[in-house]
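First comes the structure, then the notes that go with it.
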Amino acid sequence: MTQRIEDYALIGDLQTAALVGRDGSIDWLCLPRFDSGACFAALLGDEDNGHWRLAPRGARTCSRRSYVGDSLVLESVWETRTGTVRVLDFMPQRDRAPDVMRIVEGVSGRVEMSSVLRLRFDYGSAVPWVRRTDGHRVAVAGPDSVWLRSEPEVKTWGQQYSTCSSFTVGPGEKVAFCLTWHPSHEPRPDLVDPYEALEHTLEDWKSWAAQCTYEGPYRDAVMRSLITLKALTYAPTGGIVAAPTTSLPEEMGGVRNWDYRFCWLRDSTLTLYALLSAGYLEEAGAWRDWLLRAVAGDPADLQIMYGLAGERRLPEAEVPWLRGYGGSRPVRIGNAAVSQRQLDVYGQVMDSLYLAREVGMPPQRHAWALQLSLLGYLESTWREPDEGLWEVRGQRRHFVHSKVMAWVAADRAARTLERYPDLPGDVERWRTMRDEVHREVCERGYDPVRNTFTQSYGSAELDAATLLIPRVGFLPPDDPRVVGTVDAVAAELGHGGFIHRYSTDGIAVDGLPGGEGTFLACSFWMADALHMMGRTDEARELFERLLGVCNDVGLLAEEYDPVAGRQLGNFPQAFSHVGLVTTALALAADDAAG
């Protein structure tokens with residue numbers, strides 16, 4: 001493993017995504033969906049677990065790279081002693097079969113290129129049978145089949161269970177590779193012209209980006225974050241995955257390695273707000289509709305996360321043949337946290353649907369009845385302990401954030417009935433619940449000696465999730481208890497100018513050994529809290545420090561190690577990019593108010 005997490009760039013087709021390294025190697029790709037088995041898994045193992053490297057012979061890393069305009073088409077430029085080439089990597093929005101396109105174009109001189117393709121299905125464990133037919137290389141293993149062709153055709157041969165090719169390009173000369181997946185029992189998919197696909201892909205992204213209504217000083221970073229959120233959307237259903245990867249470590253060599261290729265309810269309100277505020281009503285509507293479908297059913301069965309189409313069963317297993325990124329084991333697929341109790345998700349759902357109604361999104365006829373059902377269950381359970389927002393694998397606790405979100409659920413219900421009195425429901429019932437929750441949290445979740453809200457009732461630990469207290473309206477930002485909490489979190493959870501989500505000293509809180517990096521979403525929450533308190537200069541300084549963590553193509557992982565100067569965790573992370581957009585929009589509003 002030679003690539004840092006931030007050395008990767010993302011390409012995708014709105015149903016899956018690939019990571020392309022600065023060395024020209026695609027080291028991660030799951031086909032046909034985000035949550036399918038990987039056919040390139042070198043990211044979590046080595047080259048024998050699958051990768052596709054396309055680069056000048058003997059070159060190690062590209063000279064520079066960027067996305068083409070506001071798109072997901074990656075351009076890598078290689079300057080060698082014999083000349084310069086550029087490589088365009090992209091995945092066109094699919095018609096039927098997923099395609100990975102790689103176009104090599106000579107810029108100057110003559111450059112010898114090398115392509116080495118190692119397909120390994122089922123997370124690097126299955127070596128396919130490869131044959132040649134009709135000018136293609138065809139790889140088959142069980143249910144999976146991949147077809148590789150080039151235009152014009154270049155010399156290709158098999159070597160050490162790999163498909164290799166070598167060719168030379170001069171100025172203006174082009175060679176395009178097209179890799180297409182389809183079920184092995186089906187006929188060969190229709191051929192796609194790679195150059196037409198490039199044109200259509202760029203036009204699709206240009207048209208989509210033009211809908212953005214944000215024009216503030218951080219537009220490039222905001223636009224890249226919005227494109228990333230779009231890329232993490234599973235188009236058939238509107239669900240947004242937390243990240244396209246699994247098991248990228250929160251601590252190098254540690255065990256905090258989780259599968260994030262699913263859709264979390266915790267992200268719902270902030271994601272919806274970011275999309276709506278930037279002008280993306282269609283995406284916001286699709287996410288809202290996914291949310292309604294996913295949570296439908298018995299309110300006692302509400303989960304913290306679901307599959308791309310709302311699947312409920314996401315069994316966790318370990319993949320022992322992969323050594324892990326940087327030796328960080330175990331590698332996991334699936335996520336056992338799906339079975340946890342997290343009471344905050346009821347508040348997240350209520351807040352999301354409240355926001356959707358407030359901005360004028362056409363209401364779904366059954367949505368309010370579903371909300372009342374969820375509230376009825378929460379009314380009888382909010383006093384119970386849970387695992388909390390951060391999915392701790394220790395004992396259940398009375399997490400303050402969970403109780404605050406129970407308050408949010410009751411508050412949004414009361415507000416909705418106050419504004420729409422024709423809707424069924426007892427507004428006094430939810431006002432009463434709101435007051436009860438508020439009173440208990442202020443009595444049991446606040447430490448008057450230290451002047452801060454704590455992570456859970458009676459605990460000494462702090463939690464960055466309490467930074468959301470003013471954002472959700474539980475207390476005003478100038479309340480002394482809010483000010484004290486913000487200052488305490490900054491002092492006790494701050495590290496190198498960024499914020500940890502909670503302390504991992506010992507294993508009392510989350511039941512896991514080792515530590516983790518600073519949490520980027522929490523650092524954005526700190527900037528938001530500072531901004532709401534009127535400490536705008538501090539907020540902007542922190543926000544611009546966070547922008548400096550973005551890699552060369554504007555992407556963020558889940559966490560950051562300020563000592564090593566490295567990104568950590570699954571990549572790119574939707575939660576981090578939602579935070580970037582939200583903070584940028586808040587600062588832009590402040591600038592506009594002038």
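All values below come from the heavy atoms of this structure, side chains included, with hydrogens, waters and symmetry mates left out.
- For Arg545, the salt bridge (Lys or Arg N to Asp or Glu O under 4.0 Å) partners two or more places apart in sequence, or in a different chain, are Glu541.
- We find that Glu436 and Arg383 are joined by a salt bridge, their nearest charged nitrogen and carboxylate oxygen being less than 4.0 Å apart.
- Between Gln342 and Gln348, every side-chain heavy-atom pair lies at or beyond the 4.5 Å cut-off.
- Ring planes of Tyr502 and Trp390: tilted class, angle from 30 to 60°.
- Salt-bridge check for Arg332 with Asp259: failed, with every basic side-chain N at 4.0 Å or more from each acidic carboxylate O.
- The pair Asp351-Arg412 meets the salt-bridge criterion, since a charged nitrogen lies less than 4.0 angstrom from a carboxylate oxygen.
- For Asp479, the side-chain hydrogen bond (donor to acceptor under 3.5 Å, both in side chains) partners two or more places apart in sequence, or in a different chain, are Arg481.
- Between the OG1 atom in Thr518 and the CD atom in Glu559 there is a gap of 7.5 Å [rounded to 0.5 Å].
- Tested against Glu311 for a salt bridge (charged side-chain N to carboxylate O under 4.0 Å, His left out), the candidates Arg261, Arg33, Arg293 yield a single pass: Arg33.
- The ring-ring contact (aromatic ring centres under 6.0 Å, His included) search around Phe543 returns Tyr218, not counting sequence neighbours.
- In this view, Phe34 satisfies the ring-ring contact (aromatic ring centres under 6.0 Å, His included) rule with no residue, not counting sequence neighbours.
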In a table with atom names and distances, give each donor-acceptor pair under 3.5 Å that connects a side chain of residues 519-528 to protein atoms at least two apart or in another chain.
from   : atom 1 : to     : atom 2 : distance (Å)
Ser523 : OG     : Ile499 : N      : 3.0
Ser523 : OG     : Phe519 : O      : 3.1
Asp528 : OD1    : Thr583 : OG1    : 2.8

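- Residues passing the ring-ring contact (aromatic ring centres under 6.0 Å, His included) test with Trp382: none are found, sequence neighbours excluded.
- Counting heavy-atom neighbours within 6.0 Å of Glu544 CD, excluding the residue itself, gives a total above 12.
- Atom CG in Leu468 sits 7.0 Å away from atom CG in Leu270 (nearest 0.5 Å).
- Between Val482 and Pro477 the shortest heavy-atom distance is CG1-O, 3.7 Å.
- Residues Leu265 and Tyr306 are in side-chain contact: their nearest non-hydrogen atoms beyond the backbone lie under 4.5 Å apart.
- Listed by chain and number, the residues in a side-chain hydrogen bond (donor to acceptor under 3.5 Å, both in side chains) with Tyr346 amount to none (sequence neighbours excluded).
- A side-chain donor-acceptor contact under 3.5 Å links Glu387 to the backbone of Arg341.
- Scored by the salt bridge (Lys or Arg N to Asp or Glu O under 4.0 Å) test, Arg219 finds Asp70, Glu215 as partners (sequence neighbours excluded).
- Using a 4.5 Å heavy-atom threshold, the side chains of Leu281 and Leu276 count as touching.
- Taking Tyr234 as the reference, nothing meets the ring-ring contact (aromatic ring centres under 6.0 Å, His included) condition, with sequence neighbours excluded.
- In plain terms, the two heavy atoms of Leu44 and Leu322 that are nearest each other are O-CB, 3.5 Å.
- Pairing each heavy atom of Leu378 with each of Ala406, the nearest pair is CD2-CA, 3.9 Å.
- Residue pairs meeting the salt bridge (charged side-chain N to carboxylate O under 4.0 Å, His left out) criterion with at least one member in residues 568-589, sequence neighbours excluded, do not occur.
- Taking the six-membered ring where the residue is Trp, Phe453 and Phe474 present perpendicular rings, their angle passing 60° and hence far from 30°.
- Considering every non-hydrogen atom in both Val331 and Gly324, the closest pair reads CG2-CA, 3.6 Å.
- A salt bridge links Arg419 with Glu358: at least one charged nitrogen is closer than 4.0 Å to a carboxylate oxygen.
- Taking the six-membered ring where tryptophan is involved, the planes of Trp290 and Trp287 are essentially parallel, since the angle between them stays under 30° and well short of 60°.
- Salt bridge absent: Asp426 and Arg429 never bring a charged side-chain N and a carboxylate O closer than 4.0 Å.
- Gln340 places a side-chain N or O within 3.5 Å of a backbone atom of Val392 that can act as its donor or acceptor partner.
- Considering only residues two or more places apart in sequence or on other chains, Thr454 meets the side-chain hydrogen bond (donor to acceptor under 3.5 Å, both in side chains) condition with none of them.
- Under the 4.0 Å criterion applied to side-chain N and carboxylate O atoms, Asp411 and Arg415 are assigned as salt-bridge partners.
- Between Ala529 and Val486, the shortest heavy-atom contact is CB-CG2, 3.9 Å.
- For Arg444, there are no side-chain hydrogen bond (donor to acceptor under 3.5 Å, both in side chains) partners at least two apart in sequence or on another chain.
- In this structure, Pro470 and Met532 approach most closely via the heavy-atom pair O-CE, 3.5 Å.
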